[in-house]
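First comes the structure, then the notes that go with it.
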Amino acid sequence: MITMPKGTKDVLPENSYKWQFLESAARETARLFNAKEIRTPVFEHTEVFARGVGETTDIVNKEMYTFTDKGGRSITLKPEGTAGVVRSFVENGLYAGALPVKTFYITPCFRYERPQAGRLREFHQFGVEVFGATDAGIDAEIILLAKTFLSKIGVKNITLYINSIGCKECRKEYHKALKAYLSARYDELCDLCKDRYEKNPMRILDCKNEDCKAIAENAPSILDYLCDDCKAHFIKLQSLLKTAGVEYKINPRIVRGLDYYTKTVFEFVSENIGAQGTVLGGGRYDGLVEEFGGGKISGIGFAAGLERLLLLLDSAGSIPANDSLDLYVAPMGEDARLKAFEIVSALRNSGISADTDYVGRGIKAQFKYADKIGAKFVGVLGSDELARNIIKIKEMASGTETEVDLNAVAEFFK
Ligand code: HAM
């Protein structure tokens, strides 16, 4: 037997309705907030992510699916959605049109990580990216969009953490203070953090190593180093969230694992699904469009991991049940079979879902099958029914049986 690669998952027919549920809630939420779908390729030139996500990140250093194609180009499967959307925004000149531009996407992503519950090598994101708005109002709106989506799909007991990691300017001072603090305990840091100490010391605050976590505990807070502009932005965001009735906690340790963030960063975290509890994360990235050659245009967005949301919703059992078949026509004999074919075709044309027997089951076995596939109604069609031009339609839940004229089956369902 050929098996699937480690860290991937099939979505089987009996479970696909859960995905459709999440995806339609994502699309509906995006519509409410006036975000339009953008679809970018599953693979890009490696440079898009190396530059976009950042050379010092775990994603770029260790986790990318990178290969050389037959033309000798370095290609990478997208590890996240933002960099490709920014590349597309710039390449297609969308910055020259009416701003802000609000986009959303639902996409597979690929990271070579150690698989565990809620962490896969192929996973899916619902993401939103907005370009061309600098005001903290859009930060609040993006967080509100994320919250609306989570509420719509029935996520409960989730905590919103927010932070500001400032701009390039205020981060200079902060890096100095942080490095001064860390230098005394440099030897206790893990190897990765020793490397981060030089390249990107803030990422040490995010390390999962217990020793590094303990050291990070008393590190200076970025919030004490924000410049006036970044401080005012963060205060305005909080006041807008309060006005909108959005509860949040400030967590100065949130720095996020990608290099492009500036000012606002945020995460929605659940305590109910184990170690991989961050179901949604995002923030502002004011320098990224410029990095791709698109001028000084700000950006902000988030992405939610659909597998993690499914873990959460599955454990709560809150996804509405599958949309079941309206009518299963159970024919007896060849003439009835031909008629059944005709009936199901006509019903489908009227928007009623219908199915019938193609494997020659007896009537009892057909009822059993109809029950198994969750048909709401079963229509019995034998020689007697054909002679009288009727079909006996039984409602499976109640057992109620109704004789319906063969010319009026569609009406019965209206
Ligand atoms: P991220 O925090 O790397 O951010 O990923 C966003 C979400 O994707 C995570 O919160 C998690 O739910 C899900 N996720 C990440 N890695 C995995 C994995 N290996 N298996 C399952 N789920 C995973 C970004 O990707 C940014 N692009 C978000 C963003 C958009 N920021 C601004 N705009």
Side-chain angles (χ1 to χ4, degrees), residues 5-9 22 26 30 35 38 40 44 48-49 52-54 57-60 62-65 77-89 101-131 138-139 142-143 145-146 149-150 153 155 158-163 165 203 206 208 254-270 272-289 298-313:
K6 202 171 160 187
T8 63
K9 266 201 173 139
L22 284 189
I38 182 164
T40 64
E44 297 269 358
V48 168
F49 305 113
V53 176
T57 61
D58 286 353
I59 294 179
V60 171
K62 303 189 293 195
E63 296 168 0
M64 295 208 301
Y65 278 87
L77 303 186
K78 60 165 95 160
E80 57 100 55
T82 312
V85 171
V86 174
R87 194 268 311 138
S88 172
F89 175 80
V101 171
K102 294 183 176 180
T103 67
F104 82 91
Y105 51 85
I106 298 171
T107 185
C109 296
F110 306 86
R111 296 185 193 175
Y112 192 80
E113 294 195 84
R114 201 165 42 78
Q116 64 178 86
R119 192 161 72 192
L120 291 119
R121 291 183 174 171
E122 183 195 35
F123 61 98
H124 297 78
Q125 288 187 341
F126 160 49
V128 172
E129 313 292 351
V130 175
F131 300 97
I138 199 78
D139 303 38
I142 290 299
I143 290 174
L145 195 167
F149 168 63
L150 295 175
I153 59 175
V155 169
I158 191 122
T159 310
L160 164 64
Y161 293 99
I162 62 169
N163 189 23
I165 56 170
R203 299 282 322 288
D206 207 22
K208 301 287 176 281
I254 290 185
V255 296
R256 313 259 313 122
L258 305 96
D259 274 357
Y260 46 61
Y261 292 111
T262 52
K263 294 185 177 165
T264 309
V265 286
F266 61 95
E267 288 180 352
F268 281 87
V269 182
S270 163
N272 298 345
I273 50 169
Q276 305 302 316
T278 307
V279 295
L280 184 154
R284 180 171 274 283
Y285 45 90
D286 285 346
L288 195 56
V289 173
S298 58
I300 180 164
F302 71 79
L306 297 187
E307 282 81 358
R308 288 190 193 171
L309 288 172
L310 279 182
L311 270 184
L312 200 59
L313 297 178

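Bear in mind the structure is a predicted one, so any value in this text is a computation, not a measurement. Counting starts at 1 for both ligands and their atoms, following the listed order.
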Across all chains, not counting sequence neighbours, the ring pair (Phe, Tyr, Trp, His ring centres under 6.0 Å) partners of F302 are F126

Just let me know how F302 lines up against ligand 1, side chain, backbone, both or neither, with a heavy-atom cut-off below 4.0 Å.
backbone

Polar atom proximity, L258 to ligand 1 (N or O, under 3.5 Å)
no

Closest approach of any protein heavy atom to atom 7 (C) of ligand 1, naming residue and atom:
A303 O, 3.6 Å

Please confirm whether F268 comes under 4.0 Å of ligand 1, counting heavy atoms of the residue only.
no

Going by distance only, is there an N or O of L120 that falls short of 3.5 Å from an N or O of ligand 1?
yes

Any luck finding a side-chain donor-acceptor pair between T264 and D139 under 3.5 Å?
yes

To the nearest 0.5 Å, tell me how far R284 CZ sits from Y261 OH.
12.5 Å

Looking only at protein heavy atoms, what sits closest to atom 18 (C) of ligand 1 is F123 CD2, 3.4 Å

Of all the non-hydrogen atoms in the protein, which one sits nearest to atom 19 (N) of ligand 1, and at what distance?
E113 OE2, 2.6 Å

Which protein non-hydrogen atom lies closest to atom 26 (C) of ligand 1, naming both residue and atom, and how far is it?
Y260 OH, 3.3 Å

Report yes if G305 has an N/O atom closer than 3.5 Å to an N/O atom of ligand 1; otherwise report no.
yes

contact_flag Q125 ligand 1 heavy-atom lt 4.0 Å:
yes

Between the side chains of Y285 and T262, does any donor sit under 3.5 Å from an acceptor?
no

Considering only non-hydrogen protein atoms, determine which one is nearest to atom 33 (N) of ligand 1 and report residue, atom name and distance to 0.1 Å.
E129 OE1, 2.8 Å

Apply side chain to side chain contact (heavy atoms under 4.5 Å, CB included) to E307 and list each qualifying residue two or more places apart in sequence or on a separate chain.
W19, L120, F123, H124

Within the side chain of R308, is there an N or O that forms a donor-acceptor pair under 3.5 Å with the backbone of G118?
yes

Among protein heavy atoms, which lies nearest atom 4 (O) of ligand 1, and at what distance?
R256 NH2, 2.9 Å

Worked verdict on E44 versus R87 for salt bridge (Lys or Arg N to Asp or Glu O under 4.0 Å)
CA-CA 9 Å; E44 297 269 358; R87 194 268 311 138; 2.8 Å; yes

Residue part near ligand 1, for T278, under 4.0 Å between non-hydrogen atoms
both

Separation of S298 OG from L288 CG (nearest 0.5 Å)
11.5 Å

T82 N/O to ligand 1 N/O under 3.5 Å:
yes

Under 4.0 Å, heavy atoms only, figure out whether ligand 1 is touched by the backbone of R119, its side chain, both or neither.
both

Closest approach of any protein heavy atom to atom 27 (N) of ligand 1, naming residue and atom
E80 OE1, 2.5 Å

Carboxylate-amine/guanidinium proximity below 4.0 Å for E267 and R256:
yes

Atom 21 (C) of ligand 1 has as its nearest protein heavy atom G118 O, 3.3 Å

